[in-house]
**Q** 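Next up is a structure, given as structure tokens.
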Amino acid sequence: MPIEATSSGTSQDAAPSPSSGPSSSPTLDSGDGSGDGSGDKLRRNISIRHMIFIALGGSIGAGLFVGSGAALSAGGPLSLVLNFSIVGFGVTCTMGSLGELAATFPVAGSFYEYSRRFVSEAWGFAMGWTFVLNWLIIFPFEITCIVSQVKFWGDRMLPAFIITPLLATLIATSFLGSRWYGELEHAFGIGKALALVIFIFMALCIIGGGVSSDPRQGTGISFWQDGLATRNGFPGFMLVFRVAGMSYGGTELLGMTAAECNNPKKALPLATKVTFFRILVFYILTLLLLGFVVPADDPRLASTGKGAQVSPFTLAAQIAGIRHLPTFFNVFIIVALVSMANASIFASSRAFQALCQHGMGPRWGATVKWGVPRWGIVLAFAFGTLAYVTVAPGGGAIFDWLLSLSGACNYYTWASICLSHIRFRRGWRAQGRGIGELLWSSPFGVWGSWVGLCTCVFALLANVIPAILPISGKHHAVDIVRDNIGPIMPWIWFLGYFFWSKRRGAQPQPQPLLVHPMEMDITSGVRLNEDVPFSGEMGIVGQPKNVPISQV
């Protein structure tokens with residue numbers, strides 16, 4: 001039976017049993033347990049069913065369905081598959097680390113809280129605001145892509161007539177709480193999985209010549225020849241990392257939803273395994289087949305500087321001349337984009353509220369009302385209005401700025417998760433705890449976190465290389481700034497907080513750049529496996545040997 005320890009040293013049941021009835025529905029304090037003064041908490045309304053479908057299709061959005069066209073055009077099919085495989089393996093290892101942390105500490109703020117506890121206060125601040133900014137950016141990005149995909153049926157409808165009701169609907173449903181978020185993602189996940197499965201079968205038929213309407217009568221490996229496989233060489237390969245970072249973004253929401261999940265012990269390990277399946281089938285296999293059915297030099301693919309155009313998945317059905325299927329794909333692509341827009345509100349509002357709860361943002365932002373962080377949702381709405389700008393004449397360039405910023409932010413998020421896991425394991429051992437006491441441990445261990453960390457560092461460098469070696473062969477000041485502002489921004493947050501807290505005396509004592517393993521907080525909100533006897537030298541700092549945490 002898992003137990004949860006609080007910072008005051010007492011313990012309590014991790015969650016009421018299902019048999020306790022609706023009246024005992026658990027609530028979760030928003031932040032560190034101190035409350036927000038509103039008398040309302042974030043509610044644990046996300047079930048195992050919700051978590052599985054969030055893991056299955058939660059991060060599938062504009063990056064995969066739309067941005068993959070730009071990646072295919074820039075690097076070719078081989079670069080596309082290799083790049084997504086590298087990043088996918090790194091993300092898989094990262095999710096193993098996050099699953100372990102989130103099962104042990106299902107707290108509001110998720111990985112930001114882990115960065116603050118196990119790395120440093122300044123790094124937690126930087127990663128928290130980087131995460132918030134990332135999802136605030138993704139929100140208008142997804143809406144912009146929706147407008148672009150609606151144009152598939154004609155350009156007569158004004159973008160404002162699409163953006164306005166979409167913004168209003170998404171914001172309204174966000175105030176309904178995590179249960180509605182889980183139900184929506186459940187439905188969206190089924191739709192996205194169905195669309196991708198149908199695409200896989202369609203692509204196999206196109207490759208083998210089984211589509212009678214296709215004038216090519218089978219594509220074979222023709223799109224992998226004549227230099228198309230690795231288009232634009234090394235710079236093209238590195239450019240794909242930016243799209244991969246955007247495409248896998250949202251995978252880390254498993255940790256964010258853990259704080260509002262009613263059974264994280266069972267849900268998180270299962271969701272982590274589902275994530276591995278999703279990356280292997282819905283990303284790697286799908287993109288591999290995409291490179292066989294759509295030529296990388298097709299001018300209709302989205303390309304740098306032109307913003308989002310037709311999705312390559314819809315384009316594949318169009319080229320093959322299959323009636324009605326392009327419309328089918330376009331409908332489900334829009335569903336996927338709406339799903340990611342919905343997820344961006346959930347992620348940004350929860351992270352914003354957690355930051356404010358810890359004094360790293362405006363005090364009013366910590367308010368939880370009706371079981372939701374209302375001011376975080378209002379902030380997401382404000383950023384959502386940027387979608388009006390991106391669809392204005394000449395606003396397509398903003399698409400590339402948002403893509404660049406989001407890709408870099410995601411890599412920092414994953415790198416921080418891996419670093420937090422490495423540091424946590426070190427502190428866990430230093431304070432006398434054993435791996436067997438964890439509810440669930442990552443199957444990749446600490447080495448998996450090192451793999452994920454190295455992958456993210458390399459990918460962040462890849463954001464800089466296209467500015468040094470542009471595909472066009474010409475250097476432009478705007479492109480250089482766009483490609484480098486994302487990797488630099490978290491360090492501005494980090495140094496700004498460190499020097500501000502030191503100068504203003506925001507902290508009782510000077511905060512170290514790296515928290516000492518013996519000073520890490522490994523007790524607040526912790527859930528342990530009581531079936532494994534404690535065998536460490538020290539339980540909690542200052543406590544005698546062999547005293548279970550439940551008695552501290």
Side-chain angles (χ1 to χ4, degrees), residues 4-9 31-34 97-98 100-102 104-105 107 109-130 255 354-355 357-360 412-413 415-438 441-442 445-450 452-454 457 490-491 493-528 534-549 552:
E4 180 177 345
T6 63
S7 57
S8 62
D32 58 0
S34 61
S97 303
L98 179 59
E100 178 180 314
L101 289 171
T104 308
F105 304 98
V107 295
S110 185
F111 86 93
Y112 140 74
E113 173 67 9
Y114 308 143
S115 300
R116 188 184 69 84
R117 286 192 191 190
F118 307 130
V119 184
S120 71
E121 287 278 348
W123 188 248
F125 175 86
M127 289 299 97
W129 280 105
T130 297
L355 280 168
Q357 182 71 35
H358 283 288
M360 294 184 175
Y412 270 110
T413 295
S416 184
I417 291 170
C418 293
L419 180 59
S420 298
H421 181 248
I422 293 169
R423 296 280 301 157
F424 158 71
R425 281 291 190 95
R426 185 176 179 185
W428 192 254
R429 289 196 310 270
Q431 296 188 33
R433 312 304 301 190
I435 302 302
E437 296 176 82
L438 300 174
S441 59
S442 170
V446 176
W447 70 265
S449 292
W450 281 110
L453 182 60
C454 292
V457 171
W491 295 102
W493 291 114
F494 175 76
L495 294 174
Y497 179 83
F498 181 76
F499 288 111
W500 175 82
S501 61
K502 189 174 183 180
R503 183 175 180 180
R504 296 283 184 178
Q507 301 292 341
Q509 297 178 350
Q511 295 297 310
L513 287 175
L514 202 63
V515 64
H516 193 277
M518 292 299 294
E519 296 177 356
M520 291 179 186
D521 178 9
I522 64 169
T523 61
S524 298
V526 70
R527 294 184 177 189
L528 300 177
F534 174 64
S535 59
E537 292 297 323
M538 295 285 287
I540 303 174
V541 178
Q543 298 298 327
K545 178 180 178 180
N546 289 338
V547 176
I549 194 170
V552 176

**Q** Measuring only between side-chain heavy atoms, which start at C-beta, is L419 closer than 4.5 Å to F118?
**A**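 No; the side chains remain at least 4.5 Å from each other.
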**Q** When you compare the side chain of Y497 with that of E121, does any pair of heavy atoms fall below 4.5 Å?
**A**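 SC-SC contact between E121 and Y497 confirmed.
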**Q** Could you report the tightest heavy-atom contact between E100 and S441, atom names first, then the distance?
**A**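 Minimum heavy-atom separation between E100 and S441: OE1-CA, 3.4 Å.
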**Q** Compare every heavy atom of F494 with every heavy atom of S120, then report the nearest pair and how far apart it is.
**A** OG-CE1, 4.1 Å
**Q** What closest approach, in Å, do I522 and F105 show between heavy atoms, and which atom pair accounts for it?
**A**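 What the structure gives for the nearest pair is O-CE2, 3.6 Å.
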**Q** Look only at the side chain of H358 and the backbone of M360, and say whether a donor-acceptor pair between them is shorter than 3.5 Å.
**A** no
**Q** For S449, enumerate each residue passing the side chain to side chain donor-acceptor pair (under 3.5 Å) test, keeping only those at least two apart in sequence or located in another chain.
**A**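 Only S97, H421 meet the side chain to side chain donor-acceptor pair (under 3.5 Å) criterion with S449.
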**Q** Say you draw a straight line from CZ of R429 to CZ of R433; how long is it, rounded to the nearest 0.5 Å?
**A**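 Those atoms lie 14.5 Å apart.
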**Q** So, W428 side chain and G434 main chain: donor-acceptor pair closer than 3.5 Å or not?
**A**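 Looks like yes, one N/O pair under 3.5 Å.
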**Q** Does some side-chain heavy atom of I417 sit less than 4.5 Å from a side-chain heavy atom of Y114?
**A** no
**Q** Side-chain contact, heavy-atom cut-off 4.5 Å: V446 with R426?
**A**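 No, their side chains stay 4.5 Å or more apart.
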**Q** Taking the side chain as every heavy atom from C-beta outward, state whether V119 and V515 have any pair of such atoms under 4.5 Å apart.
**A**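 No - every pair of side-chain heavy atoms lies 4.5 Å or more apart.
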**Q** Quick one, S420 with W123, criterion side chain to side chain contact (heavy atoms under 4.5 Å, CB included). Give me CA distance, side-chain angles, the key distance, then yes/no.
**A** CA-CA 10 Å; S420 298; W123 188 248; 5.7 Å; no
**Q** If you compare all heavy atoms of S115 against all heavy atoms of G124, which two are closest, and at what distance to 0.1 Å?
**A**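 Nearest heavy atoms, S115 then G124: CB-CA, 3.8 Å.
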**Q** Any sub-3.5 Å donor-acceptor pair from R117's side-chain atoms to S524's backbone N or O?
**A**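 Confirmed, R117 side chain pairs with S524 backbone.
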**Q** Looking only at heavy atoms, which two atoms of E437 and G432 are closest? And how far apart?
**A**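 Heavy atoms of E437 and G432 come nearest at OE2-O, 4.5 Å.
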**Q** List in chain and number order the residues that pass side chain to side chain donor-acceptor pair (under 3.5 Å) with W129, two or more places apart in sequence or in another chain; answer none if no residue qualifies.
**A** none
**Q** Looking only at heavy atoms, what is the nearest atom pair of G445 and R425, with distance?
**A** CA-NH2, 4.4 Å
**Q** Could you list the residues that satisfy side chain to side chain donor-acceptor pair (under 3.5 Å) with W491, not counting sequence neighbours?
**A**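 Only Y412 meet the side chain to side chain donor-acceptor pair (under 3.5 Å) criterion with W491.
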